[in-house]
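Worksheet: the structure to be examined is printed underneath.
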Amino acid sequence: MKELFLNVRENVELVKGVTKIKFFCANLPEFNPGQFINLTVGNFDGVLLRRPISVFRHDPAAKTFEIVFEVKGKGTTFLSRLKGGDLPATVFLGNGFTIPESAERVALIGGGLGCPPLYSVAEKYAENGVKFYSYLGFSTESRVILADEFQKVSERVAVATDDGTFGEKDFITNVFKREFDEIRPDLILSCGPAPMFKALKALNIPVPTFISTEARMGCGIGACYVCACATLTGNRRVCTDGPVFDIREVLL
Amino acid sequence: MTYNPLAVNICGVDFKNPVIAASGTFSFGFEFSKLFDIDRLGGIAVKALTREKRDGNPGPRIVETYGGILNSVGLQNPGIDVFIKNMTPFLETKKTVVIANIAGSEEADYCYMAERLSDVGRVSIIELNISCPNVKKGGMAFGIHPSDITSITKAVKRYSKKPLMVKLSPNAADIAANAKAAEDGGADAVSLINTITGMAVNAETRRPVLKNITGGLSGPAIKPIALRMVWQAYNAVKIPVVGMGGIMNAADAVEFMLCGASAVQVGTANFVNPLNSVSIVEGLKKYVEKNKLRNISDIKGQLITD
Ligand SMILES: Cc1cc2nc3c(=O)[nH]c(=O)nc-3n(C[C@H](O)[C@H](O)[C@H](O)COP(=O)(O)OP(=O)(O)OC[C@H]3O[C@@H](n4cnc5c(N)ncnc54)[C@H](O)[C@@H]3O)c2cc1C
Ligand SMILES: Cc1cc2nc3c(=O)[nH]c(=O)nc-3n(C[C@H](O)[C@H](O)[C@H](O)COP(=O)(O)O)c2cc1C
Ligand code: FES
């Protein structure tokens, strides 16, 4: 990890309330898919904490990477309005996803803003011949993001919405369950809201499953212990022991 | 060797500068050492140690409020044995002063840990944390009434071969009396302030934001209170006072020293930017040059009040 200034190169609204920013930095450290950054969101005006955001896409040759985030409060509103300039950030934090050599068929199960970090995995490993099966769930049509991007790196992309306005009207975990026997994944990676993780755990599928969790953070680098994830072995730090944990370990 | 105008001595311990990382925001220094050379800091106060490993409170454990943060970590730490076995080898490779912050549920816990740490070479000062607002038993309970402060300080002092710095709680009626009580108990220094108990509520869900309901407030929002308390403590005791609470930059650090602090601790600022503590050291260097001071401690207690 490094403390760096990130130069804002592009800022686009993907759908209403969801922004994509591209950053450039000449000396980015090594990146492992599933890692995040901890980003300054203003010159002190009552806002102190940085905001953790996952990396969506990484281009080491161009020395750029992109993030995709939902505008929720003060911090993400600030970010969504950026047109240029440099932002201090601690870059490439957490463990990220591990793809064992033996993995050939990987299911990605994303919920809403949990989809971007999963894309970073497929982007890197599809080139090496790993097959990806992407299951993306959203609340409604106007929230659907990145489906086209996932098409390019996946054998199959299924989209579901809670209200049926786009794709199937179902929870994406149910769609995945129906197709499980057909795709026979040897690894499942997931990122999304807690209820999705619960549904996934309830499927009781005997395939290694790893989930990327969230917690409110202080330092983002492992030094303050505020980002607790309750696990079978006690509270662990989302920012350094995670954000990716084995679903069996996490107390959901 | 050239003279170092930032060097300070607190209860017999030499610090290369008066900037110390505050307990609980810096773990044991390992993580921050990946981002900068922690030997550039005067010292580090490690995360509060307890006799046994503790898991802390359930999350969420942090929330940002205007100009501050509330935390309810609740002393999560690996326990004193793991600290001595696994963390001190790393600290051996560093030269910055190590302050061991200790907390417990009973007086005996504090005494036990002070005795153990007395034999740990890398620990130069023991910081008695009787001011943690996030645990049900012990913690702050020892740090509210002057008589309790004197008695626990006296007890721990008997077991400690290292200088003892008593960390005072702002959740107290009379900070001057509490500082004096620590001095009466034999404290070699006092540090203040720990966090101020507070709450954050979500109007929509009608719930507290922190799972623990209450938490400790830190950051710029508490600086005026911290300055006032450091000033009052400084005027009440002869032992050194280490000041903290909302220090974000070198000017803030100078303000604390003007109010009587011999050194300062920096906590929340480490989250705003992990390089802030070293920026403060650099800023103090400039302040000394600009004001043609022989040593930074020349400004200690030099608040002009006429
Ligand atoms: C490891 C990690 C990766 C993330 N990746 C993404 C991503 O790729 N895209 C995306 O849209 N969101 C992501 N999030 C969530 C994102 O951090 C929050 O939406 C954001 O911090 C909200 O900030 P705000 O100031 O707009 O909202 P506010 O509600 O005003 O924030 C107040 C405080 O709460 C914290 N907070 C609020 N929601 C969350 C949350 N869900 N998780 C952690 N802290 C929170 C904020 O950081 C801030 O300190 C991620 C969170 C984590 C922990
Ligand atoms: C996340 C967090 C954890 C803390 N943990 C401890 C602790 O373990 N022991 C202690 O004495 N103080 C602890 N503190 C208090 C700080 O050391 C410091 O006294 C307080 O935050 C005020 O300084 P600041 O405004 O610079 O942060 C903690 C503070 C924070 C924000
Ligand atoms: S955010 Fe500080 S330890 Fe995880």
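Quantities reported herein were computed from a predicted structural model and do not represent experimental measurements. Per chain, numbering begins at 1; letters A, B, ... match sequence-line order.
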Side chain from CB out, backbone as N, CA, C, O: work out which of these in Asn270(B) comes under 4.5 Å of a heavy atom of chain A, or both, or neither. neither
With a 4.5 Å cut-off on heavy-atom pairs, point out which of Cys227(A), Ala228(A), Gly222(A) contacts chain B the most. Gly222(A)
Should the heavy atoms of other residues, nucleotides or ligands under 6.0 Å from CD of Glu92(B) be counted, would the total exceed 12? yes
Could you give the distance from CG (Leu4(A)) to CG (Leu35(B)), rounded to the nearest 0.5 Å? 9.5 Å
Over 12 foreign heavy atoms within 6.0 Å of CZ, Phe90(B): yes
Can you name the nearest heavy-atom pair linking Met1(A) to Glu31(B), along with the distance? CE-O, 3.3 Å
How far apart are the closest heavy atoms of Phe271(B) and Cys224(A), and which atoms are they? CZ-CB, 3.4 Å
For Leu49(A), is there any backbone N or O sitting under 3.5 Å from a side-chain donor or acceptor partner on Glu64(B)? yes
Could you tell me which portion of Ile69(B) (side chain, backbone, both or neither) has an atom closer than 4.5 angstrom to a non-hydrogen atom of chain A? both
If you look at every heavy atom in Gly234(A) and Asp55(B), which pair is closest and at what distance? CA-OD2, 3.2 Å
Tell me whether Lys95(B) at atom NZ has more than 12 heavy atoms from other residues, nucleotides or ligands lying less than 6.0 Å away. no
Please check if the number of heavy atoms outside Arg207(B) that lie under 6.0 Å from its CZ is greater than 12. no
Lys63(A) NZ: over 12 foreign heavy atoms closer than 6.0 Å: no
Measure across Asn273(B) and Pro88(A) and return the closest heavy-atom pair with its distance rounded to 0.1 Å. ND2-CB, 4.3 Å
Would you say that Ile221(A) contacts Ser27(B) through its side chain, given a criterion of any heavy-atom pair below 4.5 Å between the two side chains? no
About how many Å separate CZ of Arg61(B) and CG of Asn235(A), when rounded to the nearest 0.5 Å? 4.5 Å
Is it the side chain or the backbone of Thr268(B) that comes within 4.5 Å of chain A heavy atoms, both, or neither? side chain
Got a donor-acceptor contact below 3.5 angstrom from the Glu3(A) side chain to the Leu275(B) backbone? no
Identify the two heavy atoms, one from Met248(B) and one from Leu48(A), that lie closest to each other, and give their separation to 0.1 Å. SD-CD2, 4.4 Å
Other residues, nucleotides, ligands: >12 heavy atoms within 6.0 Å of Lys85(B) NZ: no
Least distance between heavy atoms, Pro274(B) atom then Thr90(A) atom: CG-OG1, 4.0 Å
CD1 (Ile62(B)) and CZ (Arg216(A)) are apart, to the nearest 0.5 Å, by 9.0 Å
Is it the case that over 12 heavy atoms from other parts of the model lie below 6.0 angstrom from the CZ atom of Phe171(A)? no
Flag if over 12 foreign heavy atoms under 6.0 Å of CZ, Phe30(B): no
Side chain / backbone / both / neither for Phe36(B) at chain A, heavy atoms under 4.5 Å: neither
